[in-house]
Amino acid sequence: QVQLVESGGGLVQPGGSLRVSCAASGIDIRFSAMGWYRQAPGKQRELVASITRNGYTNYADSVLGRFAISRDGAKNMVYLQMNSLKPEDTAVYYCNYNRNGADYWGQGTQVTVSS
């Protein structure tokens with residue numbers, strides 16, 4: 001029923017920009033709390049950004065001022081705009097939805113920041 005599909009990842013140089021997208025089905029994101037997580041090899045999956053049901057956003061300290069989460073209710077999509085990218089931003093980025101304590105994840109999209 002719930003399905004999340006990420007896209008838009010790729011290779012970008014340090015200082016560059018990239019936008020990843022999450023297409024949701026089985027839910028209405030306008031009434032859902034959504035988040036973007038990332039996971040690098042050998043590291044724990046970490047929360048990068050989130051948006052509440054009321055549209056308020058929160059960011060990890062490491063990306064504050066550089067990343068922006070947004071949503072388009074008409075298209076039922078969530079976006080993560082990433083600017084001033086650094087090599088340490090390299091990771092697989094996942095879209096997340098939580099309902100009644102259960103997490104729903106997409107398959108992820110790879111973002112690599114390298115010169």
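Index from 1, following the sequence. Keep in mind the model is a prediction, meaning the values are calculated, not measured.
Around atom CD of Q44, no more than 12 heavy atoms belonging to other residues, nucleotides or ligands sit under 6.0 Å away. Annotation for E46: atom CD counts as buried by contact number, over 12 foreign heavy atoms lying within 6.0 Å.
Residues V111 and L47 are members of separate hydrophobic clusters, defined by side-chain heavy-atom contacts under 4.5 angstrom among Ile, Leu, Val, Met, Phe, Trp and Tyr.
Listed by chain and residue number, nothing satisfies the ring pair (Phe, Tyr, Trp, His ring centres under 6.0 Å) test with Y94 (two or more places apart in sequence, or in another chain). Partners of R53 under the salt bridge (charged side-chain N to carboxylate O under 4.0 Å, His left out) rule, at least two apart in sequence or in another chain, do not exist in this structure. With sequence neighbours excluded, no residue forms a salt bridge (charged side-chain N to carboxylate O under 4.0 Å, His left out) with D61. In this view, Y104 and Y97 satisfy the ring pair (Phe, Tyr, Trp, His ring centres under 6.0 Å) rule, not counting sequence neighbours. For the salt bridge (charged side-chain N to carboxylate O under 4.0 Å, His left out) test, no residue two or more places apart in sequence or in another chain qualifies with R45.
Between the side chains of Y79 and R19, no donor-acceptor pair is found at a separation under 3.5 Å.
Taking CG of L18 as the start and CG of L80 as the end, the distance is 9.0 Å to the nearest 0.5 Å. Note that NZ of K75 is 9.0 Å distant from OG of S21, once rounded to the nearest 0.5 Å. Taking OG from S115 and CG from L11, the interatomic distance works out to 9.5 Å, rounded to the nearest 0.5 Å. The OH atom of Y93 lies 12.0 Å from the CD atom of Q39; values are rounded to the nearest 0.5 Å. Note that the SG atom of C95 and the CD1 atom of I29 stand 8.5 Å from one another [nearest 0.5 Å]. Within the model, atoms CG of D72 and SG of C22 stand 12.5 Å from one another, a figure rounded to the nearest 0.5 Å.
Residues D89 and R66 form a side-chain contact, since some pair of their non-hydrogen atoms from C-beta on lies under 4.5 Å apart. Side-chain contact between T90 and Q110 is present, with at least one heavy-atom pair separated by less than 4.5 Å. No side-chain heavy atom of S25 sits less than 4.5 Å from a side-chain heavy atom of N76. Here the side chains of Q13 and S114 are not in contact, with every heavy-atom distance at 4.5 Å or above. Residues M82 and V113 have side chains not in contact (no heavy-atom distance under 4.5 Å, counting atoms from C-beta outward).
Residues in residues 25-63 take part in these ring-ring contact (aromatic ring centres under 6.0 Å, His included) pairs, two or more places apart or across chains: Y37-W105.
Side-chain N or O atoms of E6 include one that pairs as donor or acceptor with a backbone N or O of Q107 at under 3.5 Å. With hydrogens and angles disregarded, no donor-acceptor distance shorter than 3.5 Å links the side chain of R38 to the backbone of V92. In terms of modelled atom types and a separation under 3.5 Å, the side chain of N96 and the main chain of M34 share no donor-acceptor contact. Between the side chain of T109 and the main chain of G9, a donor-acceptor pair closer than 3.5 Å is present. Checking side-chain atoms of N83 against main-chain N and O of G16 turns up no donor-acceptor pair under 3.5 Å.
Across all non-hydrogen atoms, the minimal contact from L4 to A24 is CD2-CB, 3.8 Å. Among all heavy-atom pairs drawn from A40 and A91, the shortest one is N-CB, 3.9 Å. Closest approach of S17 to S84, counting heavy atoms only: OG-N, 4.4 Å.
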Check against side chain to side chain contact (heavy atoms under 4.5 Å, CB included), R71 and I51: CA-CA 8 Å; R71 64 187 181 190; I51 184 166; 3.8 Å; yes
Side chain to side chain contact (heavy atoms under 4.5 Å, CB included) between T112 and V12, intermediate numbers included: CA-CA 6 Å; T112 302; V12 63; over 6 Å; no
